[in-house]
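Shown next, in structure tokens, is the structure this report addresses.
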Amino acid sequence: MMGVSSSLALILIIPFALILISVLMLWVAPSDRPLWLWLAVMLAGCTVLSIAGLVDFPLQSPKVSVGLGALFEGMSLTLSFHPIAYVFALVVSLLWVVTLLYSIAYMKRYAVPHPRRFFLWMTCSIGATLGVAFADNLLTLFVCYEALSFFTYPLVVYLGGDQAKRAGRFYLFCLVGASLACWVPALVMVRHYQGDLLFQSQGSLRAVPYEMGAWILGLLMIGTAKTAMIPWHGWLPRAMVAHTPVSALLHAVAVVKVGILTVVKIVAFIYGFDYLQRMTEAIPWVSWISWLAVATTVTAGVAALFQHHIKQLLAYSTISQLGYCMMAATLWTQSGVEASLLHMLAHALGKITLFLSVGVIYAAVGSYQLSKMDGMGRLMPWSMGAFAIAAGSMIGIPPMVGALSKWYIITAALEAQRYEIVIALLISGLCSAAYFLPLIYRFFWKTPTSAGLAPSAVEVPMLMTGCVIAMAIATLVVGCWGMVGVGGMDMGWDANGIIRGQ
Amino acid sequence: MIQVLLPMLAATCCVLVTYARFLPWFAWAIACVVCVVDSIMGVCLLIPIYQDKMVLDETIGGWLPPIGISYHLDALNAWLFCAIPLMGLGCLLYGKTYLHQEIAIHKHPMAYAVFLLCMAGLMGMVVTYDLFNMYVFLEISSIASYGLVAMGHRREANMAAFRYVMMGSIGALCVLLGIGLLYANTGTLHMQDSSASLVRLMHRSSVQMGGMLLLLGLCIKMALFPFYGWLIGCYRHAPVMVTCFFSSVSGMVAAYCAMRLLGYVFQGKLQLGALPIGVFLEILAVLTILVGSFMALYTKPIRSIVAYSSMVHMGYIMLGLSMHSVEGVYASIMLMMMHVLAKPLVFMCVLFPERCEQTPAGLEPISDSDLDSVGALAHRGEHLERSLRKIACLWALGAMIGVPLTAGFIGKWYLLDALMVSSRWEVVGVVAVSSVMGLIYSGRIVARGFSLAPPSHAPYARKQRAGPMDWRIILSILLVMVPLGVLGIWPQPMSTIGRSASETLFLDGRP
């Protein structure tokens with residue numbers, strides 16, 4: 001039941017096998033003792049190493065059909081290597097290890113029940129995310145995409161209570177409902193017109209008439225609710241009822257980035273840029289997708305200004321930043337897609353820092369309300385410093401990594417002469433300055449109201465603070481490195497730049 | 001065919017055993033053994049039929065077809081013929097514990113006898129190649145079904161059975177009239193012969209009328225849109241064992257008959273005036289899907305939700321049939337196979353018998369089934385049974401919605417594919433919308449079943465949690481869940497069966 005095109009391809013399975021081992025271990029582990037959690041972290045570390053070890057994987061890649069064999073005639077669950085998948089998987093799994101470390105301290109600090117179960121679902125989710133990254137055809141991608149929705153659901157409702165349940169229900173309805181209603185027909189259509197669902201480097205959907213291509217594209221884009229574009233944006237703020245590590249890893253990195261990665265793969269490998277550009281010329285209204293992204297970016301940026309709950313604020317900021325990625329991807333150019341990927345990674349670094357430091361603030365304040373956080377920067381300068389750095393990255397202040405990716409998006413948009421995207425970027429950038437800078441002012445310059453502090457204030461585990469600081473340093477270092485060697489950051493199809501370590 | 005006779009004879013034995021008071025489990029054992037024997041014989045036939053393309057023809061008493069009755073087993077019906085006793089076995093295993101709480105113990109042998117009779121009728125409908133014989137078996141299974149539904153212990157069961165009798169009799173009457181009209185035109189009851197002569201007679205209005213009456217009767221049996229009322233009551237008030245069995249095969253047998261008659265006997269050429277029958281079927285199917293989905297959203301009891309969802313699935317199956325193409329029938333058969341397994345599995349997972357107590361007037365329910373199922377999956381039973389129920393319930397609901405890697409995904413995939421081949425885009429939209437509604441009402445089942453906090457007024461308490469583990473329930477759930485899971489990730493057997501079945505209907509074996 002397993003087809004392998006060469007024995008080398010088996011290396012691709014190693015990360016998945018490690019994740020499976022970790023899941024099994026967490027499942028059968030007899031107790032909630034920290035030992036098992038640390039073992040899970042170690043296995044996660046091994047997973048990262050095994051992904052990193054794929055650096056020299058040959059590009060004309062051998063493929064591996066894992067486990068299940070052909071799901072239909074001529075279609076199977078297949079994994080293959082691609083530089084984009086490599087970079088994405090590496091970043092996500094690295095952040096995963098950091099988040100697991102953070103979670104160990106977090107769970108202990110808040111006495112969260114069943115940490116083992118928490119780790120279990122976290123690990124499953126990352127497995128599905130890696131599956132999306134390494135998927136070789138649309139069907140595999142879809143299966144992993146759906147699996148991710150179901151695996152993250154228990155984490156969203158982890159807190160219990162009516163609010164969490166309602167949020168969980170809405171979460172599943174948006175993510176699974178959209179993909180069932182739109183993706184399944186779209187997949188059948190792609191296979192119907194194309195004969196297969198394979199990803200090809202120049203796009204595989206060349207024989208389809210433009211009108212039909214536009215319909216399929218529309219269905220696929222609407223069905224990808226994980227990008228949190230406008231009709232579906234509601235699930236992201238609601239999912240913030242989850243614990244902070246979940247919001248940090250899944251709802252700032254894994255889940256939403258899977259949405260963007262899906263869009264990028266569809267644009268680059270199913271359609272191809274030539275096809276899309278000619279299609280846009282033939283059928284101008286296809287650009288509604290781009291306009292949707294513009295609208296999402298601007299409205300989410302404005303909506304974030306009115307939030308009083310810090311996680312909600314960050315959620316709207318995420319939606320706005322996802323809009324950047326979508327705008328860049330819907331330029332239908334190679335430079336646009338590269339910028340989109342780069343921004344996706346930049347945002348991942350910045351946003352996870354923000355969320356992790358929010359967890360630290362919560363430890364001290366006991367509330368997510370902005371008004372309770374006056375002067376926290378003086379009490380915990382390190383974490384709040386990290387928050388400020390990451391916020392800078394979000395706004396796009398050099399030398400943080402966010403500035404770099406924004407620069408690339410603007411360049412790509414100017415190249416394609418799409419000025420509305422540049423304007424949207426500027427508006428949303430101003431908005432993010434308008435909600436992050438007052439926050440930093442509040443942290444560092446307002447006098448702390450001691451009444452608001454929990455009695456155990458500032459007793460934050462070192463591990464949590466350490467993770468936050470490490471992530472902030474990463475944001476800075478990657479940014480500086482990219483600034484110094486601009487041009488080395490192309491993470492293009494030919495896998496130059498950082499992928500080959502040049 | 002010995003497989004059909006066996007349950008009939010065994011039913012008689014069960015009745016005789018009624019007088020053997022000292023062996024209360026004997027009738028159950030007889031029924032189980034019959035199901036096991038039938039299943040083994042059926043499974044042994046599957047390989048020659050699907051791999052070597054064998055076709056089995058048997059005549060009763062050596063009388064050749066125009067006069068005698070012949071039985072015919074080919075790729076189209078062999079799988080269903082094998083599935084009926086298998087599911088019967090599953091339901092018998094599952095239902096025994098619950099039957100104790102639903103029916104007084106001295107009536108059990110009778111219940112098993114009627115159950116076997118119903119099974120024999122359904123198997124006969126599947127295997128017969130004679131139109132009138134099909135009607136006879138239809139009546140046998142229907143009358144047995146009325147009895148089974150009426151055995152439900154609540155007062156509403158009688159009303160449900162009465163509605164079922166009324167609708168079922170009208171349906172059977174339509175079928176009988178239709179067969180009569182066809183016989184008057186063709187002079188034969190053998191399906192192959194009548195198919196050969198019907199080709200030339202399709203323009204006659206009496207043939208068209210006969211075909212429409214047959215179809216109407218089967219639509220009532222399948223509970224398509226305007227005729228679905230009886231189904232909901234039956235599923236809701238029948239004993240647990242019966243609900244599981246009906247949800248699994250009884251609708252599917254009617255769907256198979258429609259497939260055999262419309263696709264084979266009429267060769268898809270049946271029309272009313274100038275309108276081909278496919279248009280009617282498609283409209284009926286779409287209405288069934290939409291109405292079923294809406295009703296499932298607006299109804300409260302879990303049993304009714306699942307009942308409406310089987311109505312929706314019957315709509316999908318008819319949709320595949322209405323296109324009268326290889327792809328459409330292929331999709332229908334894939335969906336039928338999924339439904340045979342998934343629907344009873346949902347019932348098996350979420351159903352718990354209502355608690356009754358012995359009163360001078362007989363058994364009286366002391367709880368309401370709606371309240372009973374709240375939190376049932378999270379609180380009832382042993383740990384192992386509970387976990388199994390949870391997993392199986394999620395898996396079956398996933399299959400019903402069409403989540404990837406479940407059997408339902410493949411069925412739905414091919415249904416959409418078939419719709420696109422005949423470019424019916426608006427119907428694709430209907431299927432997509434109903435999938436989303438399916439997600440919502442399945443979510444409700446999960447939310448209620450898994451609810452962690454049982455309402456304080458729920459009639460069950462700690463007392464029911466204790467007690468020895470019931471291996472029969474675990475075994476029966478496994479019996480259904482394992483094939484469903486395997487077919488989801490390894491669908492080759494399903495696609496082989498579906499492929500050769502649809503080819504039987506269209507390519508070879510044509511008269």
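All values reported here derive from a predicted model rather than from experimental measurement. Just so we're on the same page: letters track the sequence lines, and every chain starts at 1. Below, all heavy atoms of this structure are taken into account, side chains as well, without hydrogens, waters or symmetry copies.
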Open item on the list: Is it the case that the side chains of A/Thr78 and A/Asp136 hold a donor-acceptor pair, with the cut-off being a distance below 3.5 Å and no angle test?
Closed with: no

Open item on the list: Which atoms of B/Val431 are under 4.5 Å from chain A, going by heavy atoms: the side chain, the backbone, both sets, or neither?
Closed with: neither

Task: Which portion of A/Tyr193 sits near chain B, non-hydrogen atoms under 4.5 angstrom - done: side chain

Task: Structural part of B/Val433 lying under 4.5 Å from a heavy atom of chain A - done: neither

- [ ] Could you tell me whether a side-chain N or O of A/Tyr145 sits under 3.5 Å from a main-chain N or O of A/Lys226, the two making a donor and an acceptor?
- [x] yes

TODO: Assign the ring pair A/Tyr158 / A/Phe118 to parallel, tilted or perpendicular, where the plane angle (0 to 90°) is split at 30° and 60°.
DONE: perpendicular

Task: N/O donor-acceptor pair under 3.5 Å between A/Thr224 side chain and A/Gly259 backbone - done: no

Task: Residue part contacting chain B, namely of A/Leu172, when any heavy atom lies under 4.5 Å - done: backbone

Task: chain A contact via B/Leu416 - which portion, at a heavy-atom distance below 4.5 Å - done: both

Open item on the list: Could you check whether atom CH2 of A/Trp27 has more than 12 heavy atoms from other residues, nucleotides or ligands sitting under 6.0 Å from it?
Closed with: no

